[in-house]
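Letters go in sequence order (proteins before strands), and every chain restarts at 1.
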Amino acid sequence: MGNDNYQITFRRGVMSLVILALLKREDMYGYQLVQETANSSGGNLTTQEGSLYPVLYRLLDQGLISDRRVRVGKRMTRVYYHLEPAGLEKLKELTAEYEAITQGVFQIIQGGGNGDA
Amino acid sequence: MREYYRQIEAWLPCSGRARRRILNAIRGRVEEYRAEHPGADDAMIQAHFGEPKVIAQGYLDEMGTEELLTALRFRRKIVPLVAGAAVSMMLLWTVGVGIALADVKDSATDTTKIVEVVTTTYNTEGDILDMIAHTYTVKENVG
(Lines give C-alpha, C1' and ligand atoms only; values in the text may rest on other atoms or scores of the structure.)
Protein backbone atom coordinates (compact mmCIF):
# COMPACT_ATOMS: atom_id res chain seq x y z
CA MET A 1 0.00 0.00 0.00
CA GLY A 2 1.45 3.38 -1.01
CA ASN A 3 1.36 6.65 0.91
CA ASP A 4 -1.59 7.88 -1.12
CA ASN A 5 -3.67 4.93 -0.06
CA TYR A 6 -2.83 5.47 3.62
CA GLN A 7 -3.82 9.12 3.31
CA ILE A 8 -7.12 8.12 1.73
CA THR A 9 -7.72 5.56 4.49
CA PHE A 10 -7.00 8.11 7.23
CA ARG A 11 -9.38 10.57 5.61
CA ARG A 12 -12.34 8.19 5.73
CA GLY A 13 -15.21 10.04 7.41
CA VAL A 14 -13.09 13.09 8.18
CA MET A 15 -14.50 15.34 5.44
CA SER A 16 -17.98 15.29 6.99
CA LEU A 17 -16.46 16.43 10.27
CA VAL A 18 -14.39 19.12 8.53
CA ILE A 19 -17.35 20.49 6.56
CA LEU A 20 -19.62 20.57 9.62
CA ALA A 21 -16.89 22.35 11.61
CA LEU A 22 -16.33 24.94 8.88
CA LEU A 23 -20.07 25.58 8.49
CA LYS A 24 -20.32 26.16 12.24
CA ARG A 25 -18.29 29.36 11.66
CA GLU A 26 -20.50 30.67 8.86
CA ASP A 27 -22.49 29.66 5.79
CA MET A 28 -20.14 28.86 2.91
CA TYR A 29 -20.33 27.90 -0.77
CA GLY A 30 -18.54 24.91 -2.33
CA TYR A 31 -15.29 26.49 -3.43
CA GLN A 32 -15.08 28.50 -0.22
CA LEU A 33 -15.19 25.20 1.70
CA VAL A 34 -12.31 23.86 -0.42
CA GLN A 35 -10.22 26.98 0.25
CA GLU A 36 -11.05 27.08 3.95
CA THR A 37 -10.17 23.38 4.32
CA ALA A 38 -6.68 24.08 3.00
CA ASN A 39 -6.21 27.41 4.83
CA SER A 40 -7.53 26.32 8.21
CA SER A 41 -5.52 23.07 8.20
CA GLY A 42 -2.31 24.90 7.33
CA GLY A 43 -2.28 23.11 3.99
CA ASN A 44 -2.20 19.66 5.61
CA LEU A 45 -5.66 18.79 4.42
CA THR A 46 -6.62 19.54 0.85
CA THR A 47 -9.49 18.41 -1.29
CA GLN A 48 -10.53 18.92 -4.87
CA GLU A 49 -13.83 20.62 -5.38
CA GLY A 50 -15.46 17.66 -7.14
CA SER A 51 -14.87 15.40 -4.13
CA LEU A 52 -16.77 17.79 -1.93
CA TYR A 53 -20.17 17.39 -3.61
CA PRO A 54 -20.75 13.72 -2.77
CA VAL A 55 -20.03 14.60 0.89
CA LEU A 56 -22.30 17.66 0.78
CA TYR A 57 -25.05 15.57 -0.81
CA ARG A 58 -24.86 13.03 2.02
CA LEU A 59 -24.98 15.75 4.67
CA LEU A 60 -27.97 17.36 2.91
CA ASP A 61 -29.68 14.00 2.62
CA GLN A 62 -29.24 13.37 6.35
CA GLY A 63 -30.68 16.81 7.18
CA LEU A 64 -27.44 17.90 8.85
CA ILE A 65 -27.02 20.89 6.52
CA SER A 66 -29.27 22.84 4.17
CA ASP A 67 -28.57 24.77 0.99
CA ARG A 68 -29.86 28.01 -0.49
CA ARG A 69 -29.21 29.75 -3.78
CA VAL A 70 -27.91 33.30 -3.69
CA ARG A 71 -27.76 35.46 -6.80
CA VAL A 72 -24.26 36.76 -7.41
CA GLY A 73 -23.94 39.44 -10.07
CA LYS A 74 -26.38 39.53 -12.96
CA ARG A 75 -26.52 35.93 -14.10
CA MET A 76 -24.68 33.77 -11.59
CA THR A 77 -26.17 32.02 -8.58
CA ARG A 78 -24.10 30.52 -5.80
CA VAL A 79 -25.21 27.69 -3.51
CA TYR A 80 -24.53 28.40 0.16
CA TYR A 81 -24.54 25.62 2.74
CA HIS A 82 -25.85 26.13 6.26
CA LEU A 83 -25.35 24.03 9.40
CA GLU A 84 -28.67 22.80 10.83
CA PRO A 85 -29.25 22.04 14.56
CA ALA A 86 -29.02 18.30 13.80
CA GLY A 87 -25.66 18.99 12.12
CA LEU A 88 -24.41 20.79 15.22
CA GLU A 89 -25.31 17.77 17.35
CA LYS A 90 -23.60 15.46 14.87
CA LEU A 91 -20.53 17.72 14.92
CA LYS A 92 -20.26 17.40 18.72
CA GLU A 93 -20.65 13.62 18.49
CA LEU A 94 -18.09 13.22 15.68
CA THR A 95 -15.62 15.58 17.38
CA ALA A 96 -15.73 13.57 20.62
CA GLU A 97 -15.23 10.30 18.74
CA TYR A 98 -12.44 11.73 16.61
CA GLU A 99 -10.60 13.16 19.63
CA ALA A 100 -10.83 9.87 21.50
CA ILE A 101 -9.45 7.92 18.54
CA THR A 102 -6.63 10.32 17.67
CA GLN A 103 -5.58 10.65 21.34
CA GLY A 104 -5.50 6.89 21.66
CA VAL A 105 -3.45 6.47 18.51
CA PHE A 106 -0.98 9.20 19.56
CA GLN A 107 -0.55 7.64 22.98
CA ILE A 108 0.41 4.39 21.31
CA ILE A 109 2.72 6.08 18.79
CA GLN A 110 4.48 8.13 21.45
CA GLY A 111 4.81 5.12 23.74
CA GLY A 112 2.79 6.72 26.57
CA GLY A 113 -0.35 5.48 28.28
CA ASN A 114 -0.97 3.45 31.43
CA GLY A 115 1.86 1.36 32.74
CA ASP A 116 4.54 3.11 30.70
CA ALA A 117 7.36 5.06 32.28
CA MET B 1 -16.89 17.24 -20.65
CA ARG B 2 -19.58 14.71 -21.55
CA GLU B 3 -17.14 11.83 -21.09
CA TYR B 4 -16.00 13.34 -17.78
CA TYR B 5 -19.57 13.42 -16.46
CA ARG B 6 -20.20 9.92 -17.82
CA GLN B 7 -17.14 8.64 -15.94
CA ILE B 8 -18.26 10.29 -12.69
CA GLU B 9 -21.70 8.72 -13.11
CA ALA B 10 -20.14 5.33 -13.76
CA TRP B 11 -17.89 5.47 -10.70
CA LEU B 12 -20.35 6.86 -8.15
CA PRO B 13 -21.41 3.94 -5.92
CA CYS B 14 -24.91 5.19 -5.09
CA SER B 15 -28.54 5.09 -6.21
CA GLY B 16 -29.70 6.80 -9.42
CA ARG B 17 -31.35 9.65 -7.50
CA ALA B 18 -28.23 10.40 -5.48
CA ARG B 19 -26.06 10.12 -8.60
CA ARG B 20 -28.21 12.60 -10.50
CA ARG B 21 -28.20 15.11 -7.64
CA ILE B 22 -24.42 14.93 -7.17
CA LEU B 23 -23.86 15.19 -10.91
CA ASN B 24 -26.22 18.18 -11.17
CA ALA B 25 -24.36 19.93 -8.34
CA ILE B 26 -21.01 19.33 -10.08
CA ARG B 27 -22.41 20.41 -13.47
CA GLY B 28 -23.79 23.61 -11.95
CA ARG B 29 -20.47 24.40 -10.29
CA VAL B 30 -18.54 23.66 -13.50
CA GLU B 31 -20.70 26.22 -15.30
CA GLU B 32 -20.03 28.74 -12.52
CA TYR B 33 -16.32 27.98 -12.75
CA ARG B 34 -16.39 28.55 -16.51
CA ALA B 35 -18.04 31.94 -15.94
CA GLU B 36 -15.47 32.84 -13.27
CA HIS B 37 -12.53 31.62 -15.41
CA PRO B 38 -13.37 32.41 -19.05
CA GLY B 39 -10.01 31.09 -20.28
CA ALA B 40 -10.34 27.68 -18.59
CA ASP B 41 -10.39 24.69 -20.95
CA ASP B 42 -11.78 21.22 -20.18
CA ALA B 43 -8.42 19.91 -18.92
CA MET B 44 -8.09 22.80 -16.46
CA ILE B 45 -11.63 22.30 -15.24
CA GLN B 46 -11.08 18.58 -14.73
CA ALA B 47 -7.83 19.24 -12.88
CA HIS B 48 -9.69 21.63 -10.56
CA PHE B 49 -12.65 19.34 -9.86
CA GLY B 50 -10.67 16.10 -9.70
CA GLU B 51 -10.62 12.72 -11.40
CA PRO B 52 -13.98 10.91 -11.60
CA LYS B 53 -12.60 8.06 -9.50
CA VAL B 54 -11.46 10.45 -6.76
CA ILE B 55 -14.85 12.19 -6.76
CA ALA B 56 -16.56 8.83 -6.30
CA GLN B 57 -14.12 8.04 -3.51
CA GLY B 58 -15.42 11.13 -1.69
CA TYR B 59 -18.82 9.45 -1.47
CA LEU B 60 -17.35 6.10 -0.45
CA ASP B 61 -15.23 7.69 2.28
CA GLU B 62 -18.30 9.07 3.99
CA MET B 63 -20.26 5.82 3.92
CA GLY B 64 -20.53 4.22 7.34
CA THR B 65 -19.00 0.75 7.71
CA GLU B 66 -22.43 -0.84 8.20
CA GLU B 67 -23.82 0.90 5.13
CA LEU B 68 -20.78 -0.15 3.11
CA LEU B 69 -21.08 -3.78 4.22
CA THR B 70 -24.82 -3.83 3.41
CA ALA B 71 -24.10 -2.46 -0.07
CA LEU B 72 -21.35 -5.05 -0.65
CA ARG B 73 -23.57 -7.87 0.64
CA PHE B 74 -26.40 -6.80 -1.65
CA ARG B 75 -23.95 -6.68 -4.55
CA ARG B 76 -22.68 -10.17 -3.71
CA LYS B 77 -26.26 -11.48 -3.80
CA ILE B 78 -27.51 -9.61 -6.83
CA VAL B 79 -24.49 -10.24 -9.14
CA PRO B 80 -24.74 -14.08 -9.13
CA LEU B 81 -28.53 -13.78 -9.50
CA VAL B 82 -28.26 -11.57 -12.58
CA ALA B 83 -25.42 -13.70 -13.99
CA GLY B 84 -27.49 -16.88 -13.45
CA ALA B 85 -30.50 -15.34 -15.16
CA ALA B 86 -28.33 -14.25 -18.09
CA VAL B 87 -26.80 -17.75 -18.48
CA SER B 88 -30.29 -19.35 -18.31
CA MET B 89 -31.56 -16.97 -20.98
CA MET B 90 -28.58 -17.79 -23.21
CA LEU B 91 -29.13 -21.55 -22.75
CA LEU B 92 -32.84 -21.21 -23.58
CA TRP B 93 -32.00 -19.13 -26.61
CA THR B 94 -29.40 -21.70 -27.77
CA VAL B 95 -31.89 -24.58 -27.36
CA GLY B 96 -34.56 -22.59 -29.20
CA VAL B 97 -32.23 -21.81 -32.08
CA GLY B 98 -31.12 -25.50 -32.21
CA ILE B 99 -34.70 -26.73 -32.49
CA ALA B 100 -35.51 -24.16 -35.17
CA LEU B 101 -32.43 -25.17 -37.19
CA ALA B 102 -33.33 -28.89 -36.94
CA ASP B 103 -36.83 -28.11 -38.23
CA VAL B 104 -35.42 -26.18 -41.17
CA LYS B 105 -33.06 -29.08 -41.99
CA ASP B 106 -35.89 -31.64 -41.80
CA SER B 107 -38.18 -29.64 -44.03
CA ALA B 108 -35.36 -29.27 -46.56
CA THR B 109 -34.70 -33.03 -46.82
CA ASP B 110 -38.23 -34.42 -46.44
CA THR B 111 -40.49 -35.20 -49.40
CA THR B 112 -44.18 -35.78 -49.09
CA LYS B 113 -45.92 -38.47 -51.16
CA ILE B 114 -49.61 -38.93 -51.51
CA VAL B 115 -50.49 -42.60 -51.88
CA GLU B 116 -53.90 -43.71 -52.92
CA VAL B 117 -54.99 -47.24 -51.96
CA VAL B 118 -58.07 -48.61 -53.62
CA THR B 119 -59.82 -51.56 -51.96
CA THR B 120 -62.01 -53.57 -54.33
CA THR B 121 -64.50 -56.21 -53.22
CA TYR B 122 -65.43 -58.98 -55.71
CA ASN B 123 -68.10 -61.69 -55.57
CA THR B 124 -67.39 -65.32 -56.40
CA GLU B 125 -68.10 -64.69 -60.07
CA GLY B 126 -65.52 -61.96 -60.21
CA ASP B 127 -67.95 -59.07 -60.35
CA ILE B 128 -66.99 -55.92 -58.56
CA LEU B 129 -69.25 -55.32 -55.57
CA ASP B 130 -67.55 -52.34 -53.97
CA MET B 131 -64.57 -49.99 -54.44
CA ILE B 132 -63.24 -47.81 -51.62
CA ALA B 133 -60.41 -45.37 -52.21
CA HIS B 134 -58.14 -44.33 -49.28
CA THR B 135 -55.62 -41.51 -49.59
CA TYR B 136 -52.52 -41.47 -47.32
CA THR B 137 -49.82 -38.79 -46.93
CA VAL B 138 -46.40 -40.34 -46.49
CA LYS B 139 -43.23 -38.42 -45.54
CA GLU B 140 -39.95 -39.77 -46.84
CA ASN B 141 -36.52 -38.54 -45.78
CA VAL B 142 -34.18 -38.39 -48.73
CA GLY B 143 -31.31 -36.58 -46.92
Side-chain angles (χ1 to χ4, degrees), chain A residues 4-20 28-35 37-38 45-62 64-81 87 90 93-94 97-98 101, chain B residues 1-38 40 42-72:
Chain A
D4 281 353
N5 287 343
Y6 275 121
Q7 202 172 32
I8 287 164
T9 306
F10 291 148
R11 278 174 56 155
R12 254 184 75 76
V14 170
M15 279 318 289
S16 288
L17 176 59
V18 167
I19 291 170
L20 293 175
M28 294 186 194
Y29 56 91
Y31 188 50
Q32 191 180 0
L33 282 165
V34 173
Q35 287 174 314
T37 301
L45 193 62
T46 55
T47 186
Q48 281 173 302
E49 199 177 345
S51 305
L52 204 67
Y53 292 99
V55 188
L56 287 168
Y57 167 77
R58 286 185 67 85
L59 296 174
L60 282 166
D61 201 43
Q62 291 164 2
L64 303 177
I65 62 170
S66 57
D67 59 351
R68 68 187 157 89
R69 292 182 177 276
V70 175
R71 188 174 278 271
V72 181
K74 281 184 181 173
R75 291 171 61 193
M76 236 170 56
T77 54
R78 195 168 266 165
V79 181
Y80 276 84
Y81 298 93
K90 188 76 179 173
E93 188 188 313
L94 287 175
E97 281 179 28
Y98 190 74
I101 289 170
Chain B
M1 289 300 284
R2 192 176 293 173
E3 178 59 20
Y4 180 66
Y5 294 134
R6 202 190 62 77
Q7 284 287 320
I8 295 172
E9 201 174 358
W11 277 107
L12 276 172
C14 48
S15 69
R17 180 176 155 267
R19 236 187 336 250
R20 276 192 298 278
R21 281 189 62 185
I22 294 168
L23 215 56
N24 283 342
I26 295 172
R27 272 203 182 106
R29 253 308 287 158
V30 166
E31 292 314 310
E32 270 178 40
Y33 187 84
R34 271 192 206 281
E36 288 163 4
H37 304 85
D42 287 356
M44 283 167 72
I45 291 169
Q46 287 175 29
H48 175 81
F49 282 87
E51 283 177 38
K53 211 170 161 180
V54 176
I55 293 173
Q57 205 147 20
Y59 187 89
L60 207 63
D61 284 348
E62 300 307 312
M63 276 174 99
T65 310
E66 202 178 316
E67 191 185 349
L68 194 61
L69 285 174
T70 307
L72 285 172

Task: Among D61(B), I22(B), L60(B), the one residue meeting side chain to side chain contact (heavy atoms under 4.5 Å, CB included) with P54(A) - done: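 When side chain to side chain contact (heavy atoms under 4.5 Å, CB included) is applied between P54(A) and each of D61(B), I22(B), L60(B), only I22(B) qualifies.
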Task: Per-residue contact mode, D67(A) against chain B (heavy atom under 4.5 angstrom) - done: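 The answer is neither part of D67(A).
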TODO: Select one option (side chain, backbone, both, neither) describing which atoms of V34(A) are under 4.5 Å from chain B's heavy atoms.
DONE: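 Neither; nothing under 4.5 Å.
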Open item on the list: I need the Y59(B) OH to S51(A) OG distance, nearest 0.5 Å.
Closed with: 14.5 Å
TODO: Measure from the side-chain N and O atoms of Q48(A) to the backbone N and O of A47(B), and report whether any donor-acceptor pair falls under 3.5 Å.
DONE: yes
TODO: Tabulate, in ascending numerical order, the residues of residues 24-37 of chain B having at least one heavy atom closer than 4.5 Å to a heavy atom of chain A, or enter 'none'.
DONE: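 The stretch touches chain A at A25(B), I26(B), R29(B), E32(B), A35(B), E36(B).
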- [ ] Please indicate whether Y5(B) has more than 12 foreign heavy atoms, meaning atoms of other residues, nucleotides or ligands, lying under 6.0 Å from its OH.
- [x] yes
Task: chain A contact via A56(B) - which portion, at a heavy-atom distance below 4.5 Å - done: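 Interface part for A56(B): neither.
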Task: Proximal component of I8(B), with respect to chain A [non-hydrogen, under 4.5 Å] - done: neither
Task: Student check: side-chain heavy atoms of D61(A) and R17(B) closer than 4.5 Å - done: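 Heavy-atom side-chain distance check passes, below 4.5 Å.
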Open item on the list: Please find the pair of heavy atoms, one from G50(A) and one from I55(B), that lie closest to each other, and give the distance.
Closed with: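 For G50(A) versus I55(B), the nearest heavy atoms are O-CG2, 3.4 Å.
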